[in-house]
Amino acid sequence: AFTDIPTLDGRVAISGIQLGEPVLESRLAPVGTKGGLSAVVPEGKRAITVRVNDVVGVAGFALPGNYVDIMVNTEGTSTTGNDKDKMISKIVLERILVLAVAQEANRDETKPRVVNAVTLEVTPEQAERLDLARSVGNLSLVLRNQIDSDSTESAGITKAMLLHAQAAPAATPAQAA
C-alpha cells in the first residue's frame, strides 16, 4: 500500500492505495495540505509523540493502525498516610490510534540503544491529559483488540492493594485427602 506518493496535483493519499486501484478524491489529503503525517490527522484531532522503551511499547507490537490504552504509574494521593498507598497505576486514555512508530539507534555509546517513539492520534483534551501523565509518571502502552471499543471502568491499583491481594493458600496434601 502506498500513502506518501504525491498525485498529479501534489496531494498525498491519506490511506493505503493498492497497485491498480483507482485514486479517488476521498482517499486524498485536502487541497492545500502538504504531505506527511499532518495530512492524515483528521480535523479536530492532533498527533502527539511519546517516547517508550521496547517493553513499554508493547515489545514492538504496537504498529500503525493499532489501538492502545495508555497507563501511567505515578505517586498518587495517600488517604491513609501510608507511603505504600501513594504509588498508583491507572489507565488514563483508552482506544488511542497509533499513527506511526519510529526507532533511532544511538551510535554515541558502545552498545546500540534503541529508542522508540510512538505517535498517537488524540483530541486536544487527550493531548493535555497525555502530556501531564508523562510528566508525572512512567507511561505504558496496553495493546487493544482492534474491534474492542468498550470502556474500562477502573479506579487503578495502588501498591498497597497489589501487595495485600493474596490468592487463597494452596491445599496441603492432608486437606486434599
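As the structure is a prediction and not an experimental result, all values here were calculated from the model.
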(Q) Return the CG to CG distance between Leu141 and Asp69, rounded to the nearest 0.5 Å. (A) 9.5 Å
Q | Side-chain donor or acceptor of Thr74 paired with backbone N/O of Val136 under 3.5 Å | A | yes
(Q) Tell me whether Arg134 at atom CZ has more than 12 heavy atoms from other residues, nucleotides or ligands lying less than 6.0 Å away. (A) yes
(Q) Please report the interatomic distance CD1(Ile48) to CG(Leu99), rounded to the nearest 0.5 Å. (A) 11.5 Å
**Q.** side chain to side chain contact (heavy atoms under 4.5 Å, CB included) between Met87 and Glu75, worked out
**A.** CA-CA 4 Å; Met87 292 301 296; Glu75 285 192 28; 3.6 Å; yes
**Q.** Thr119 side chain reached by Val98 side chain, heavy atoms, under 4.5 Å
**A.** no
Q) Roughly how far apart are Leu120 CG and Ile70 CD1, rounded to 0.5 Å? A) 5.0 Å
**Q.** Spacing of Ile88 atom CD1 and Lys159 atom NZ [to the nearest 0.5 Å]
**A.** 14.0 Å
**Q.** Ile91 side chain near Val72 side chain, heavy-atom distance below 4.5 Å
**A.** no
Q: Rounded to the nearest 0.5 Å, what's the gap from CD on Glu128 to CZ on Arg46? Could you check?
A: 10.0 Å
Q.
Between Val50 and Leu130, is the side chain to side chain contact (heavy atoms under 4.5 Å, CB included) condition met? List the steps.
A. CA-CA 9 Å; Val50 294; Leu130 182 55; 3.8 Å; yes
Q.
Suppose we screen for side chain to side chain donor-acceptor pair (under 3.5 Å). Which residues come up paired with Ser154, at least two apart in sequence or across chains?
A. none
(Q) Listing request: all salt bridge (Lys or Arg N to Asp or Glu O under 4.0 Å) pairs with a residue in residues 145-154, at least two apart in sequence or in separate chains. (A) Arg144-Asp148
Q: Compare all side-chain heavy atoms of Thr152 with those of Glu94 and state whether any distance is below 4.5 angstrom.
A: yes
Q. Where is the tightest heavy-atom contact between Gly156 and Met161, given as atom of each residue plus distance?
A. O-CE, 3.8 Å
Q) How about Ile147: does its CD1 atom have over 12 heavy atoms from other parts shown lying under 6.0 Å from it? A) no
Q) Taking all non-hydrogen atoms of both residues, which atom of Lys45 and which atom of Thr123 are closest, and how far apart? A) NZ-CG2, 4.0 Å
Q. What is the minimum heavy-atom distance between Ala100 and Pro64, and which atoms define it?
A. CA-CG, 4.0 Å
Q) What heavy-atom pair brings Asn145 and Arg95 nearest, and what distance separates the two atoms? A) O-NH1, 4.3 Å
Q | Spatial distance of atom CG (Leu162) from atom CD1 (Ile157) [nearest 0.5 Å] | A | 5.0 Å
